[in-house]
There are 2 protein chains.
Amino acid sequence: MIDIRQMRYFVALAETLHFGRAAERLRMSQPPLSRQIASLEAELGVRLLERHSRQASLTFAGQRFLEDCRTTIAAFDQACENARMADRGELGELSIGFMMSSAYTVLPALARRFTAKHPRVALRLRELLPPDLEEAVKSGRFDAGIMFDVGGVGGLEARVIHREALCLAAPSDHPLALKVEIAPEDLGGVPLIIAPAETTPSLREAITGFCRRGGFEPTARLEAQLQQTIVSLVSEGLGVAVTPSSMRKLGVANVVYRDLVDAPQIEHVVAWRPANLNPALRLFLAEAGAG
Amino acid sequence: MIDIRQMRYFVALAETLHFGRAAERLRMSQPPLSRQIASLEAELGVRLLERHSRQASLTFAGQRFLEDCRTTIAAFDQACENARMADRGELGELSIGFMMSSAYTVLPALARRFTAKHPRVALRLRELLPPDLEEAVKSGRFDAGIMFDVGGVGGLEARVIHREALCLAAPSDHPLALKVEIAPEDLGGVPLIIAPAETTPSLREAITGFCRRGGFEPTARLEAQLQQTIVSLVSEGLGVAVTPSSMRKLGVANVVYRDLVDAPQIEHVVAWRPANLNPALRLFLAEAGAG
DNA sequence: CGATCATGATGCCGATAAGGTATGGATGCG
DNA sequence: CGCATCCATACCTTATCGGCATCATGATCG
């Protein structure tokens with residue numbers, strides 16, 4: 001049966017048109033090369049070279065075969081190389097789900113670093129609501145997810161890759177806007193716009209913890225899942241919210257942000273299934289500082 | 001060394017995910033397949049399959065390698081098939097030079113038939129003036145030329161593939177336009193527009209032969225190389241011409257065509273170098289009826 | 001014009017690799 | 001716990017490959 005080795009022999013021969021020198025280049029002696037070429041021609045049923053006494057020349061079929069051999073060999077070598085790259089995680093796809101909040105913090109720089117370092121990994125980024133995200137990573141639809149800490153929930157491994165302080169977002173004409181820094185007790189009795197506990201439990205917990213330092217439980221005036229939505233509702237004067245500092249970047253009109261006294265921090269984590277075998281995931285985790 | 005056979009083995013295995021059944025499909029027993037795959041993995045340095053007790057599964061690298069193997073194998077098989085086709089002349093290029101006159105007669109149908117029958121031969125058609133054409137075929141710049149008979153000139157083989165009668169082309173207000181049929185003696189003393197003898201010797205010979213039957217030598221009023229140019233000069237009233245009947249198709253205004261008594265015929269031949277090894281040439285000659 | 005050289009083909013041998021059969025080891029199932 | 005399934009391993013036989021020596025052929029040169 002014809003194989004790729006015979007193609008390599010033929011290419012060397014076609015490039016030198018000389019059995020002896022081709023054999024030398026192939027680090028073999030001339031007789032086996034002659035035989036391999038003869039067997040190649042026999043199996044193809046096609047004469048590839050005209051042997052003249054001075055030097056050989058390619059037939060028309062041989063010229064065509066030479067071109068095709070070059071592309072075939074290139075495809076072959078590329079296939080092997082690609083397998084090795086894919087094994088190292090440097091070639092392939094990596095799908096990352098993330099919550100909107102991460103798009104304002106860790107994600108942009110991380111994605112930029114990763115694609116710069118591993119240009120042949122197609123990074124598929126998709127934003128999801130936090131609860132869907134956790135489910136999607138667990139089910140394997142995403143290789144990893146970037147979200148607020150999920151509290152070590154079942155099946156997923158997670159590492160903190162970013163921390164940010166919470167702050168107060170208030171309408172600019174709100175009384176709290178007059179203060180430079182907000183203490184827990186300042187929020188006593190002030191209804192908050194807040195994300196539901198199911199959506200972002202760790203954020204809820206951080207807010208609750210802050211309020212408790214003021215001796216009260218937070219009361220929700222409105223609930224919305226996305227922090228952007230919450231800030232937007234604040235800008236409409238519907239209430240105040242405790243939200244990650246990165247929301248300041250939004251630049252929504254009529255909203256002022258105020259630091260909290262001993263501000264609680266919220267953690268962004270990258271979470272993945274330990275059973276996930278995508279080699280690119282390891283590289284991504286390393287890049288995220290979650291090795 | 002990795003070879004194409006191992007790729008075929010791997011594809012069969014990847015498609016069944018079962019060593020036993022893959023081996024069966026490959027008409028071999030299971031142990032050598034196991035070993036070939038193991039050796040493939042070892043040489044790549046990449047694990048391609050996860051072996052579970054129930055059934056195997058592809059790793060990420062294996063999935064990638066599967067795709068690449070398929071394209072590589074396809075390229076490989078195509079290369080072999082192309083060599084065979086090129087050898088039969090059914091794949092490749094064929095360059096044909098032709099004189100303008102043939103574009104009105106043999107060439108269109110011949111080119112149509114040939115490309116229909118051998119769609120993968122790229123037919124390069126190019127018109128040339130007859131003297132250039134002969135030279136171009138001799139030098140190998142064209143695989144074949146279609147021209148008026150060159151009288152068995154050195155080095156080229158030629159076969160007649162078309163014959164056509166000559167006719168008289170005259171301005172519509174010329175006295176000869178009144179006659180239904182032109183006898184040789186009718187042209188006595190009438191100056192002709194004619195192609196130079198170097199350009200188309202056989203045409204010149206035919207015209208001379210016709211005139212001699214009337215007992216005189218033709219006199220040239222004007223010379224032009226292309227028959228179309230000659231007919232065009234006729235239409236401008238600059239004289240009459242003896243020209244191939246196919247020129248009637250030109251539809252030039254103010255020109256009438258008249259049959260000649262016992263009209264001499266001019267032969268279109270296909271000419272080629274006997275040493276030309278382009279296999280497609282044989283198919284072309286066969287199609288031209290010049291086998 | 002014959003000797004010589006260059007080049008590819010052929011004969012033969014040892015090493016390597018491939019495939020076959022028999023069997024072992026691990027895992028899941030009744 | 002025994003059995004069935006499935007892949008890996010051991011061992012043997014055969015095929016293939018590459019090396020060395022040599023031959024056949026055609027060009028080159030004295």
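What you see is a predicted model; the values in this text were computed from it and never measured. Proteins get letters first, then strands, A, B, ... in listed order; numbering begins at 1 in each.
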A:E15 and A:R25 ion-paired at < 4.0 Å: yes
Pairing of A:D77 and A:R8 as salt bridge, 4.0 angstrom limit: yes
Side chain to side chain contact (heavy atoms under 4.5 Å, CB included) involving B:T71 - partner list, sequence neighbours excluded: none
Which whole-number value in Å describes the distance from [X] [atom1] to [N] [atom2]?
X     : N      : atom1 : atom2 : answer
B:R8  : C:dA18 : CZ    : P     : 16 Å
B:M28 : C:dA18 : CE    : C1'   : 8 Å
A:Q36 : C:dG8  : CD    : P     : 16 Å
A:L26 : D:dG18 : CG    : P     : 10 Å
A:H52 : C:dA9  : NE2   : P     : 13 Å
A:I37 : C:dT10 : CD1   : P     : 14 Å
B:L40 : C:dA17 : CG    : C1'   : 15 Å
A:R47 : C:dA9  : CZ    : C1'   : 11 Å

Phosphate OP1/OP2 of [N]: any [X] side-chain N/O under 4.0 Å:
X     : N      : value
B:R51 : D:dA8  : yes
B:R5  : C:dG19 : yes
B:Q55 : D:dC6  : no
B:S29 : C:dG19 : no

Using the 3.5 Å cut-off, write out each protein N or O paired with an N or O of nucleotides 23-30 of chain C and the distance between them.
residue: C:dT27; atom: O3'; partner: B:S53; partner atom: OG; Å: 2.8

For [Y], is there any backbone N or O sitting under 3.5 Å from a side-chain donor or acceptor partner on [X]?
X      : Y      : answer
B:R273 : B:G155 : no
B:T59  : B:L48  : yes
B:E157 : B:P274 : no

Quiz question: by atom type and distance under 3.5 Å, do the side chains of A:T105 and A:H162 form a donor-acceptor pair? no
Residues from residues 11-25 of chain B lying under 4.0 Å of DNA chain D - heavy atoms: B:H18, B:F19, B:G20
Among B:K117, B:R282, B:R112, find the residue that satisfies the salt bridge (charged side-chain N to carboxylate O under 4.0 Å, His left out) test when tested with B:E287. B:K117
Find which nucleotide of DNA chain D each of A:Y9 and B:A56 is nearest to by heavy atoms, and output the residue with the more 5' nucleotide. B:A56
Considering only heavy atoms and no angle criterion, is a donor-acceptor pair shorter than 3.5 Å present between the side chain of A:R35 and the base of C:dG8? no
Within a reach of under 6.0 Å around CZ of B:R126, are more than 12 heavy atoms found that belong to other residues, nucleotides or ligands? no
